[in-house]
Number of protein chains: 2
Amino acid sequence: MYRSHTCGELRLANLNQSVTLSGWVQKIRNLGGMTFIDLRDRYGITQLVLDVESRKDLSEEARKLGREYVIQVKGKVEERSNKNGKLPTGDIEILVDEFKLLNPSELPPFTIEDETDGGDELRMKYRYLDLRRNPVRKNLELRHKLGFEVRNYLNQQNFIETETPVLIKSTPEGARDFIVPSRMNQGEFYALPQSPQVFKQLLMVAGFDRYFQIVKCFRDEDLRADRQPEFTQIDCEMAFVEQQDILEVFEGMTKHLFKVTKNVDFDFQFPQMSYEEAMKNYGSDKPDIRFEMKFVEMKDMVANCGFKVFEDAPYVGGICAEGCAGYSRKELDKLTDFVRKPQIGAQGLVYVKYNTDGSFKSSVDKFFDEATFNQWAEAFGAKPGDLILILAGQKSKTQSALCELRLEMGERLGLRDKNKFSPLWVVDFPLLEWDEESNRFHAMHHPFTSPKNEDLALLDTDPAKVRANAYDLVINGVEIGGGSIRIHNDELQHKMFQLLGFTEEEAENQFGFLMNAFKYGAPPHGGVAFGFDRLVSLFAGIDSIRDVIAFPKNNSGRDVMIDSPSPVAESQLDELNIKMKQSKQ
Amino acid sequence: MYRSHTCGELRLANLNQSVTLSGWVQKIRNLGGMTFIDLRDRYGITQLVLDVESRKDLSEEARKLGREYVIQVKGKVEERSNKNGKLPTGDIEILVDEFKLLNPSELPPFTIEDETDGGDELRMKYRYLDLRRNPVRKNLELRHKLGFEVRNYLNQQNFIETETPVLIKSTPEGARDFIVPSRMNQGEFYALPQSPQVFKQLLMVAGFDRYFQIVKCFRDEDLRADRQPEFTQIDCEMAFVEQQDILEVFEGMTKHLFKVTKNVDFDFQFPQMSYEEAMKNYGSDKPDIRFEMKFVEMKDMVANCGFKVFEDAPYVGGICAEGCAGYSRKELDKLTDFVRKPQIGAQGLVYVKYNTDGSFKSSVDKFFDEATFNQWAEAFGAKPGDLILILAGQKSKTQSALCELRLEMGERLGLRDKNKFSPLWVVDFPLLEWDEESNRFHAMHHPFTSPKNEDLALLDTDPAKVRANAYDLVINGVEIGGGSIRIHNDELQHKMFQLLGFTEEEAENQFGFLMNAFKYGAPPHGGVAFGFDRLVSLFAGIDSIRDVIAFPKNNSGRDVMIDSPSPVAESQLDELNIKMKQSKQ
């Protein structure tokens, strides 16, 4: 038996017990003929004492030790004279009687402490050592707990967790599919699923009624900082439901998760905001509503104002930053630099300081008079001491720049507290979005998303105006999940394909088996998928999903620890009847 | 709102309530001016009554209906005059007031009943309809429940469910790896994991202490009747454990599953049997111990007997089939045919009838006398009325044929009751097996399996005799899971690689990053993996794993429903910089 207790469980109540512990050497100190060792495992740290003065055998063993050595000790639980209030085990120590070195360790390439000296690449290469660090392991423990509680909740709600295939079919639309050559069916390929979308809809056709799965999905795309080629979804689908039914179930799930992991009670219904309202007031379909600072549209106010920038711009809008009228020239320049960053892309920034003495100071003083500023201040609800920040330009670009500016100001003003959570359903997304490049409509969500009944007539007259039964759950400005009520009517589905520019043949090729299934009594259904990695990182209070994945890949899709992907043997390619083309030097 | 209740929940207690139901039309009957409809959903069947005589509108709707149509009805709960005791809802019916056709259905290609007229291929092609059938859906519900309870149990035991990557590295040994070309890293490939073995060992090095995962694994091999290219494992690993610790935890898990899904209590410790004993007594490392009928080895008894077949055979052994002495010539011929089948491969079958009158009748009467038969009977523990069946030949082949014969006789004698469960730990597997073809040892489990301490010395003198800390859980002759205590000592691991014929370089290439991890304080550890598909099929009392998988593939690795694998666009291959070689016509 390697241990009678873990390193996290002994207390004063265990005094004088003979115990066996195993774990890693976290720290060693020699003091007055005694050696003190902090022994660590997943559950905690326990202090060991070796009386090396009177026990020569122990002293010999102790001399061999270094950080991260694995040892087993037997000894007696004693009360510490010098208690450590920070450790749950801080009242006791183990007077070691027997000692066994289970495995030595080379010097780790970085310190295994909460704050480490290891850089990103190094920690990824030695991920198994990085995972030993408390904050990293705690993220994964939280991930386990969240997954477990998702299952608890959905099981109680009669959902059946059903595994769908990982080896599926590549579709012509699946440009970002990973494909897998088949040995038994040479010349043919499987694809890895970007989501189990089709299968969960088939399960509804199959009458499963309530399906969920916590499942790996795959996308072979150029990775932005916070994407992974394999990621995890909480994938759900329900039959015989309308939008509100789904929102209620998953609002319930979200509340359950907050309750059990953070003891946060939401004693209110999550607010619902239309896509249109979100764009108008926050310039984003995932607004952070921990703070207000809504956009004020100024186009009407600045008509014929003589300031060409405002006059020429299709959109002029601003925000009011409370109490920031005292910003210095330098601070304002910094803000201007911020909005001019290429990824934000504004041309410049107009400010209006509403000074505490009631006067105004603005970068556009020469175009506007005090009366106009007063009128603006009223429109913004600004008080003396506030700062109005205004952007002008092409509508969607400017809104999105203003959104970034709002978030930046929220950050500066301390309005984005990581311990505050502001959930929001964004609803009524447009069904379609126009794609300039291909000169046709794309489905904003996917081709199976249903239009709102009251907008059906617009499908023929003004498709861009049609709203979908689609919804996103947004928390603190982060999109946690989204979904839609699906089309279950054959005729409507065909109309949708037409609108999206599919020929009958293309629709048949790509979605034939689902369309076929719909002929045999498909129930009304809809669903939602949550980004599990994103959800965990939100709950963990960290920004990157990489920190909540045990073995993540880097920005080039590489696992630097195992060095993958990698070349394979020629014979393996032979068996698959494929070969590499000429190198593209 | 599509429904106020499901089709499985209304009872007499709901009398006179106005309810809304949605579901599928299971059956329609017209009787005396009334139309009776069985409305089905996942939860049950409720009888609807349409008074088509007095409600012309309903009669019109009812005329449109066919099997599997999806409808919504509103009506009042009434007591049935003609109650159906077989249905939980059989005391009530719904007198329909409003009626809505939600979706029509074409005539399904087979009947959606517990017993269907659809053949295998057809049901696979229309799997979404097959899944509507009760027995199929119940298998998947059981699968959900088993998965859920595995998690409940392991969570309570402090295991952390941790996802390991699906896109990993192909190793030269991974001949059966599926590989995945990388677009971002052209010329390089990921592999899909045959198991998360390496990652779970790394998690132990990382100090995760107790890991599990219910996880998809992949193997690109020629599929036998009951294999799937993607399958699911309950994968587990523990640190600071010896074999017995692991057996206890997972015996506990197995008992928990039997308790919660079948209300079966095992009030005993699962028996443990050495591999050697299992082979000797049952000719199999996964004996079905629901019944005895142990092998009796006869080589000593038939030395110099004059019967050449016995004299020449390295192995002679038999079983005693209780009460079968009355077998007719024809029945015995059938048994002979059975053992001669190519997949069983015996040359012939010798029988000895121990007649109820105490006399003997045997196919080898002319070689042996009554006294010898009496002596055999004693060795077999045979009583008058029993039948002794004997095979002779090369040892392992004959043992395995005798094993099949034993199972066949167990089946005939009704000794293999699907409702009886006989769990067994098979332990002390050999560490190595000699491979004639490559003229070297292979690891019986995998190269990281540890030898028994007491056999360490044999590694140098007689490697074939070394037993491993490896174990399988067998229930009713089915291997449900298996695992081992791993090597955590560098030196021993290198010795192991040597024994397996690896050069240092090969070992480094294939397992370098794991070996490297072992240098930084690897704890003693071990684990187990359960075949989840197999486990579910055992609990469901069915033979094939295909019946417990929502969307299985056929024997050629094809999903006939979605028609996968399939050719992909040339452009997709271009992006990956690969192409097909010449067709191998």
Side-chain angles (χ1 to χ4, degrees), chain A residues 2-3 22 24 42 68 70 103 105-106 108 128 131-132 140-141 144 148 155 160-162 165-170 178-180 182-185 187-190 202 205-207 209 216 220 230 240 513 517 519-523 550-551 556-557 562 564-568 577-581, chain B residues 2-3 22 24 42 68-70 103 105-106 108 128 131-132 141 144 148 155 160-162 165-170 178-180 182-185 187-190 202 205-207 209 216 220 230 240 513 517 519-523 550-551 556-557 562 564-568 577-581:
Chain A
Y2 279 105
R3 60 187 175 195
S22 291
W24 286 263
R42 170 185 143 200
E68 301 306 316
V70 186
N103 226 344
S105 172
E106 292 188 5
Y128 44 88
L131 288 170
R132 278 189 197 162
L140 275 301
E141 285 176 346
H144 161 72
F148 186 74
N155 179 67
I160 310 176
E161 183 160 28
T162 308
V166 176
L167 297 171
I168 66 165
K169 183 179 177 149
S170 186
F178 282 104
I179 59 172
V180 184
S182 164
R183 197 172 50 88
M184 289 179 72
N185 305 275
E188 300 189 316
F189 296 78
Y190 301 100
L202 288 175
V205 176
D209 204 79
K216 275 279 173 76
D220 188 9
E230 53 180 298
F240 300 117
F513 66 94
K519 290 179 189 153
Y520 295 96
F551 299 102
S556 329
I562 63 173
S564 159
S566 58
V568 296
N577 203 24
I578 62 177
K579 63 177 181 180
M580 300 311 300
K581 295 174 69 168
Chain B
Y2 279 105
R3 61 187 175 195
S22 291
W24 286 262
R42 171 184 143 201
E68 302 306 318
Y69 275 51
V70 186
N103 226 343
S105 172
E106 292 188 6
Y128 44 87
L131 287 171
R132 279 189 196 163
E141 285 176 343
H144 161 71
F148 186 74
N155 179 66
I160 309 177
E161 183 161 26
T162 308
V166 176
L167 297 171
I168 65 165
K169 182 180 178 149
S170 187
F178 282 104
I179 60 171
V180 182
S182 163
R183 196 171 51 88
M184 289 178 72
N185 305 274
E188 298 189 316
F189 296 79
Y190 301 100
L202 288 175
V205 176
D209 203 79
K216 276 279 174 74
D220 189 8
E230 53 180 299
F240 300 117
F513 66 94
K519 289 179 191 155
Y520 294 96
F551 300 102
S556 329
I562 63 174
S564 159
S566 58
V568 296
N577 203 25
I578 62 177
K579 63 176 183 180
M580 300 311 300
K581 295 174 69 166

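In the text below, chain A, chain B and the rest are named by the order of the sequence lines, each starting its count at 1.
- Residue with the most contacts toward chain B among Leu202(A), Val70(A), Asp220(A): Asp220(A) (heavy-atom pairs, distance under 4.5 Å).
- Looking at Phe551(B), both its backbone and its side chain come within 4.5 Å of chain A, counting heavy atoms on both sides.
- Only the side chain of Thr162(A) comes within contact range of chain B, judged by heavy atoms closer than 4.5 Å.
- When every heavy atom of Met580(A) is checked against every heavy atom of Asn577(B), the shortest pair comes out as CE-O, 3.2 Å.
- Note: Asn155(A) leads Leu140(A), Asn155(A), Val180(A) in heavy-atom pairs under 4.5 Å with chain B.
- Note that CD1 of Ile578(B) and NZ of Lys579(A) are 12.5 Å apart. Values are rounded to the nearest 0.5 Å.
- Ranked by heavy-atom pairs under 4.5 Å with chain B, the first of Leu131(A), Ile562(A), Val568(A), Ile168(A) is Ile562(A).
- Of the possible donor and acceptor atoms, one in the side chain of Arg132(B) sits under 3.5 Å from a partner among the backbone N and O of Val205(A).
- Heavy atoms closer than 4.5 Å to chain B are found in both the backbone and the side chain of Phe240(A).
- Taking chain B as the reference chain and counting heavy-atom pairs below 4.5 Å, the highest number among Ala550(A), Pro165(A), Gly207(A), Ser182(A) is found for Pro165(A).
- For Ser22(B), the parts sitting under 4.5 Å from any heavy atom of chain A are the backbone and the side chain alike.
- Checked by atom type and distance alone, the side chain of Asn185(B) pairs as donor or acceptor with a backbone atom of Ser556(A) at under 3.5 Å.
- Using a 4.5 Å cut-off between heavy atoms, Lys216(B) contacts chain A through its side chain alone, with no backbone atom that close.
- In terms of heavy-atom pairs under 4.5 angstrom with chain A, the leader among Glu141(B), Glu161(B), Glu68(B) is Glu161(B).
- Shown here for Glu230(B) and Leu167(A), the closest heavy-atom pair between the two residues is OE2-N, 2.9 Å.
- Closest approach of Gly521(B) and Trp24(A) over heavy atoms only: O-NE1, 2.8 Å.
- Ring pair Tyr128(A)/Tyr520(B) is tilted by interplanar angle, where 30° to 60° counts as tilted.
- Chosen from Gly557(A), Gly187(A), Ala522(A), Pro108(A), the residue pairing most often with chain B at heavy-atom distances under 4.5 Å is Ala522(A).
- For the atom pair CZ of Phe189(A) and OG of Ser564(B), the computed distance is 12.0 Å after rounding to the nearest 0.5 Å.
- With a threshold of 4.5 angstrom between heavy atoms, Arg3(B) approaches chain A through side-chain atoms but not through N, CA, C or O.
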